[in-house]
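Residue numbers start from 1 in every chain, and the chains themselves are labelled A, B, ... in the order their sequence lines are given, proteins ahead of strands.
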Amino acid sequence: MNRTAIAIWMVVAGFSLQFFAYFRWAAPLGAPTSPAFSDPRIPYAPAAFIFGVMLVFLSAVVYELQGGGEGESDG
Amino acid sequence: MTKEKKSGTRVGPKWGQVTRRTFLQGVAATSGAVAGSSLFGDLITLSPLPGESPKPLHEDWIPTTCWIGKQECGMLARRINGHVVKLEGLPAHPRNRGTLCPKGIAQIQALYDPNRVKAPLLRTNEKGVKGTWREISWDDALDLVAERIGEARDRDPSLFVWQKGRSKAKPLYDKAFVGATGALKLHHGAFCSDAGYRAMEYTIGMHGVMHPDFKHTQYLLSWGWNITGGGGNKYCWLTWAQQLVEARQRGLRVIDIDPRLRSAAHFADEWLPVRPGTDMPLALALCKVLIDQDTIDRPYLTTYTNSSHLLQEDGSFLRDDEGSPLVWDEETETPRPFGSEGISPALEGVYSWDGAQVRTVFSSFKDHISTATPEWAAEITGIPANQIRKIGRELGDNAMIGSTIEIEGHTLPYRPVAIMAYHMSQQELGFQALRAMTFIPMLLGAIGAVGGQFTDLTWKEHKNWKKLDNIEITDTPNITLKGSKYYPINSNNSSLVAHVMKDPLRYGVSGIPEVALLHHVNPLGSFPDQKANREAYAKLKFVAVIDPWLSLTADLYADVVLPASTLEKYEGPMKGTDQYEDAVALRIPPMEPIFDTRSEIEIYLDLCERLGVLNGEKGYLALVNKNLKLKPPYTLPLDKKPTPREIYDIWAKGQGIKEGVAFFEDNGVLLKGAVPASKRYPMAMDTPFGGVVPHRLYGESLLGYARKMEERGAPEIYWRDYTPFPVWRTPTLEGSPAKYDLYLTSFHKIEFKQSRTPIPFVRELAPTQVLEINPSAARARGLEDGDRVQVESHNAVTGETRKIETTVRFRESIRPDVVAMPHHYGEHTKHPWVDGTGPTPNTLFFTGEGYVSNTADQTYLVKVRVSKAPRR
Amino acid sequence: MNEKKRLPFGMGRLGTKWWVLVGVSLTLVTRGIIAYSQQASEGEVVTGMRDIGPMGGAAWGLYIVFVVYFVGISFTGICLASLIRLLNLKVLRPIVRPAEVMTVIALILGALAILADVGQPGRAFLMLLKYARPQSPFFGTFAMVISGYLFGSLVYLYLHGRPDAAVLAKRPGLLQRFHRWWAAGYGDTPPERARRVRSSFWLSVALLPLLITATSTLGFVFGLQGGRPGWFGSLQAPGFVVMAGLSGVGVLILIAAGLRQALGEKERLNLELFRWLADFLLVLLAGYLYFLVVEWLTNSYAAGPSESLVSQAILAGENAWIFWGSVAFLTLPAFLLLLQRLRGRVSLPLIVACGVMVNLAAIAKRFLIVVPSQTHGMLLPYSTGSYTPSLVEWEIVIGLVGLGGLLFALFVKGFPILELDRDYLGGTK
Amino acid sequence: MARYGMVIDLSRCHGCRACMVACKVENNTPKGSFWNYVFRFEEGVFPETRVSFLPRPCMHCDNAPCVKVCPVGSRHKTLEGLTLTDWDRCIGCRYCEVACPYGVNCFNWKDPKKNRYLDWSDPSLEGVELSHGMPYANPDLDLPQGSQGRHTAGGGRMKGVVEKCTFCVHRLEKGLLPACAANCPVGALVFGDLDDPESPPSQLLREKPHFRLLEGEGTEPRVYYVGGAPPTTASRQIEAVKARVER
């Protein structure tokens, strides 16, 4: 896969992760009337959200560091 | 008792089906499972560690009776593994019906308070300074105390004085112990409402201070009554509060008469901020309004009071040869003995008889108060004349004179107006002020009527009714000055005791006690005039103190301190009535004492044993039998020292309870059903008012006292207030120089009232001493809320001044010429929640001539000046 | 040349001034650690904070003030860096790296300040990853500001540092492995350069809105609270953004001035650059003063009774000296900078003084936002509360500032604090 | 399912503060921490003054600001209408505390074991087992509560977490009233199922005009007041307690 595709894929995946984590997996939004509002619907949804944010930024790293230059990434 | 018995506090359906659970032990669970709790705080959780089996907890409920206050509410102690974890109200108990006041709940801390006296203490330093102590064994302590008491008693029983604050088992302490040892007995009476008690005993023959018939009263003068802050007569707080609220929901109107809006504060429709110490003129003016508007109950006055008695010129009753007082019979136009059949006595009138002029008491009273107009009273009391008239009119309207009501088949007078008063008798003219106030329901015919004026819980003649009428004056009084030419009527603990101790010869007292046993009493802290008390108690050669905490008195003057239990003991029996329903209860120890403390009964049994007065026909046990009214076969054997539990077991069986004390251990309280109208309403009784008739509008014997006192050479200051009708005069304290421009009065708080104990929960609610002052008065002195101030009191008789420092607290609801301080600060020592909480106002009050009533009862009123505290 | 053999910008050489900086910082950090261990063992009873209500305290105090302050600084750092790159502002180019470093360090300090504040710091990480709720405005602070934004800034710093790292990676020495790791094979080839430019652009594009969102979220932490008079309001978030800009530019001025002094880089960090920064400051000051007037007008015109109590406490009560002090420290710089601008002069000491003043004003303003609404903004008639930071709180906060200095000092010695010129070491290439 | 609430009859309240002490003993709250607070107010200028009282438990709001802001869902609403704190989850950020307009939250500023009323570790109490640093600890409080089995009952559990009134969730489970309501000597605190029209609080609400505190904040409290008026800016607090935590 080429670096642009990977990067774009990561950005899309990251934002999707953020979206789903925020709106679908984390504790629901709205007037908190029951215990359901205190627990994420999927465990560790907040971690997924943060991972999504990281994924978006990591895409830039991947984009730049993806093999193909003159040196090997030893990072 | 199992917890299923606890009822009355359930909510709807349960959401979880939890019945009896095995509890995880808190300690094991938390501390066991905590990992890495150092730097980042406790890391969760409660599941027990593997291999650690959860300890089963055993829960049970023990019924008992509150120890902290005076009204003895029923309690349930929740125990876990034998230790009390909570005290709740006992639902069945009429006085509190499943609830407790803040002190009641808080007393759980007393059970575990490590600042209590935990073993008998022997003083190791000189007296008069903070004590240093050595713990000794009970045997050594009791031996020492008994030896010193015995040694004094052998010389003269009156060298031994027993003084109590508040005790809960009169038959075993006041009567049996005092009886067996022949001790001179002192108590807190003069520092309580005793002037009021004497006034009621003398005027209507009942023991108590005025309170209403809350189920029926419609119009209430709340006169210095401290419902929201402190309690009242008979009960310390809770029962009155419950009844007041129900009455308010029913539509009771409340008029609050008080220099400081506290009494019934939230529940008052109108506030009359009366100048302190001027209640008598207000009462007299109200009497005049009632008479002027003719809202008086003539049949009651004629039949049940001495209003119709004929007075001779010299102020004595016109009597027949047998000495019976005479009334003017309008039928025959002759004087006839009061109470004769078939006569129609005149209430008013001036008649000639036997060449002399006689007039009825009522006519004389009318003359006496002819100048007591609302305008006159307004000048003195600060209450506008039209407001006095309005209250008088409302009293007259609400009294519904002439109306009756049917109760339990009795047709009874219905007069739904009453006065509630308690410690407001603590003023120089307190005795006469209370008499004047009693005249108001007397004129309205409300004494003992349905909805009317009540005093005691039952209509039973008090022994003082007759005793006070028999004028007996002795030339050799003891330190109480009872029967002396100075204070002939007093509660056998005049507030003069300290002064007499200092200078007995001045009052003709030949000797003072040498050995004292102080039972839950702290005169140095809780009686006014700390200075006089210090000097007096310094004269005692040996002082033993029975108290759970180290009181100021104990710390300064005790030789031995005997640590008493608090709640954890058998004690009683205690009345459980709330006026309307009768009950009797016992105090049951809800758990084993933690410290080496003993119940007072045990202490007295041991002391009597050592003194050799336990057994025998006149011994302690015989007196206990007598005072508990124990009848064979349920009497204590006189040759064997019983345990307190055995005493109550026999008592309970004697009451017809076959389970004995176990009944109370299971139920806490024995309910005796509703108080019947025939006991509750005097007019429903076979002899109305229990035979206490006529009520004394005119105090003939008071005049007699004055004459005899004068005859024996007592100066006028002592006898001037012994007048047959209440006579207003300017109180002595007004003689202080003008710069002492504020009245200082004191008050109680619900957090401490009658508890005298350093309990952290309530100390936190009311942490420190303050001086309440009206902001306008404060600002005129350059003071702001929270400023430190110096309060200096002045004695108008001796010129002495006293000073304390405290903190200003603004209150709009106080007369601008009055400042007020709460009690119960600075009375105990060696307790982290009491040390440094501030001075007691008792430091500022004076006792002695001018600052006691004619019945030697304490005045809690003094002129002071308030200024910014000097910088240190 | 001798110059060429040595590492640039004082890297690797530990001079006296550096040791003094490190020594002072370490002292502060040590004191902070001691203070924090006190707090950790005794609990936050060692702070001046107490419960709102009967206890009459403020539940948030100096820690939260500095969370807001640190995050604000970081915002400006990355914001300026992005703008400079996006708009290719040549004059300001030299402060791009200091700004990026400032961002990362300030965010770390912000995160630590939050840890200092919470009662269960050990738990906080786990519970937040497990349970964090988007509905809580803190979600923004925790998830976006601290994690997302910190990560983003690190990526930004990292990628922009690669060319320099690549250059330095060629030099033998202690730091070679570090630089080699950082360079990650960057060869400065034209495609790499192109990628560099492209990713840089997109990163900036991605960062800027995140920044505004994140900083606004911090405003929402307060602005969404209807129950605290003085907090609720739509101006809260934009106000936070502008104030963040002020404090950030202020700190950047100090850093730039410090570097100019310490490194003797009078050419790269020239007065023109400071003029630009001063202009930024002036514009932001004007903006903020506008907000201030609007806020004050609104409050005095139609504030509810509780709002009035809070503004009363701020304008005339016990906090008045802080308020009027901050107003003075905002208007005085504005006046001085305007005067300087009109006279067409550039005075470095004056600009530095303005930087110091706006930072003090920023801390003071944050204090006024956080505290009086708690102590004086009670909607039930509790007695008025009070809050005075305790010594422990000051020590921890100053320790954090010290930690910032320490991290900066360490960075400076390990990586070029100013971007290397294109032809740097060109000869050896 | 029952949805609980409380109606406070101000015409009955004496301001005696027994509810505050009952709460303290039942819930083992540490020094300075008042889950239920009874205001004593004074209004007016002499002689036209008025004294009134206002008990303030947690309002258990239906639209609770504290629940909204809690970052970790420790503060939550139960199906029974209670607003509870899971002290196993609380991270101690005190956001609930600043969000609450009623001032009901209590943070454990120090280790509760070291914040008890007396030094219960005194050697003279050797025979008494201490739990949570006190001799009269309520064992029910350590148990998980409700359908979710969360640790929500009691106070003084651990350092660095926020606690507040739970309406005595552990007592409700046993079918008992909250300690304050069960004890109120004058029946001013009326507790029960507000969804049940026959429950005592529902009946009281039908009979008397009522209000809730800070109605304008939109918090929808489950605590109602009858028989009085809300405090105003003219209400001066008198006789404030000593709510202090010291080092």
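A salt bridge links E751(B) to R40(D): at least one charged side-chain nitrogen sits closer than 4.0 Å to a carboxylate oxygen. Under the 4.0 Å criterion applied to side-chain N and carboxylate O atoms, E812(B) and R50(D) are not assigned as salt-bridge partners. E163(D) and R157(D) are not joined by a salt bridge, as no carboxylate oxygen comes within less than 4.0 angstrom of a charged side-chain nitrogen. D258(B) has no carboxylate O lying under 4.0 Å from a charged side-chain N of R260(B), or vice versa, which leaves the two without a salt bridge. Ion pair R275(B)/D817(B) flagged as a salt bridge, since at least one NZ, NE, NH1 or NH2 atom sits closer than 4.0 Å to an Asp/Glu carboxylate oxygen.
Note: P47(D) leads P47(D), C19(D), G92(D), G160(D) in heavy-atom pairs under 4.5 Å with chain B. Comparing S199(D), A240(D), G32(D) by how many heavy-atom pairs each has under 4.5 Å with chain B, the most go to G32(D). Interface summary for chain D: among F810(B), W237(B), F267(B), W271(B), the most heavy-atom pairs under 4.5 angstrom belong to F267(B). Counting heavy-atom pairs closer than 4.5 Å to chain B, the top residue among N138(D), V38(D), L118(D), L10(D) is L118(D). Counting heavy-atom pairs closer than 4.5 Å to chain B, the top residue among P185(D), A243(D), G227(D) is P185(D). With chain D as partner, the option from R248(B), E764(B), Q243(B) having the largest number of non-hydrogen pairs under 4.5 angstrom is E764(B). Counting heavy-atom pairs closer than 4.5 Å to chain D, the top residue among V84(B), T239(B), V245(B) is V245(B).
With sequence neighbours left out, the side-chain hydrogen bond (donor to acceptor under 3.5 Å, both in side chains) criterion links D119(D) to S121(D).
Within the structure, salt bridge (Lys or Arg N to Asp or Glu O under 4.0 Å) contacts touching residues 96-109 of chain B (residues at least two apart or in different chains) are R97(B)-D578(B), R97(B)-E581(B).
For chain D, the nearby part of K118(B) is the side chain; its heavy atoms alone come within less than 4.5 Å. When heavy atoms are compared at a cutoff of 4.5 Å, L79(D) does not approach chain B at all. Both the backbone and the side chain of L765(B) come within less than 4.5 Å of a heavy atom of chain D. For a residue to count as touching a neighbouring chain, one of its non-hydrogen atoms must lie under 4.5 Å from one of that chain's; by this rule E772(B) touches chain D with the side chain only. Contacts between E42(D) and chain B at a heavy-atom distance below 4.5 Å involve the side chain alone, from C-beta outward. I750(B) touches chain D through its side chain: at least one heavy atom from C-beta onward sits under 4.5 Å away, while N, CA, C and O do not. With a threshold of 4.5 angstrom between heavy atoms, I814(B) approaches chain D through N, CA, C or O but not through any side-chain atom. Interface remark: F34(D) contributes side-chain atoms only to the contact with chain B (heavy atom separation under 4.5 Å). Within the 4.5 angstrom heavy-atom criterion, only side-chain atoms of F595(B), from C-beta onward, approach chain D. If you measure heavy-atom distances from R79(B) to chain D, you find no contacts under 4.5 Å at all. The part of M20(D) that comes within reach of chain B is its side chain, from C-beta onward, which places non-hydrogen atoms under 4.5 angstrom from that chain. If you measure heavy-atom distances from N774(B) to chain D, the contacts under 4.5 Å come from the side chain alone. Heavy atoms closer than 4.5 Å to chain D are found in both the backbone and the side chain of D113(B). Contact of E48(D) with chain B is not made at all, since no heavy-atom distance falls under 4.5 Å. Looking at A22(D), both its backbone and its side chain come within 4.5 Å of chain B, counting heavy atoms on both sides. For A766(B), no part lies near chain D; criterion is any non-hydrogen pair under 4.5 Å.
No more than 12 heavy-atom neighbours from other residues, nucleotides or ligands sit within 6.0 angstrom of NZ on K114(D).
Across H83(B), E59(B), E88(B), a single residue satisfies side chain to side chain donor-acceptor pair (under 3.5 Å) together with R78(B), and that is E59(B).
Listed for the T49(D) side chain is no donor-acceptor partner under 3.5 Å among the backbone atoms of G44(D). In this structure, the side chain of Q107(B) engages the main chain of G104(B) through a donor-acceptor pair within 3.5 Å. Side-chain atoms of N183(D) come within 3.5 Å of backbone N or O of L100(B) as a donor-acceptor pair.
Classified by interplanar angle (parallel below 30°, tilted 30° to 60°, perpendicular above 60°), the ring pair F191(D)/Y4(D) is parallel. Relative orientation of the Y37(D) and F39(D) rings is perpendicular, given thresholds of 30° and 60° on the angle between their planes.
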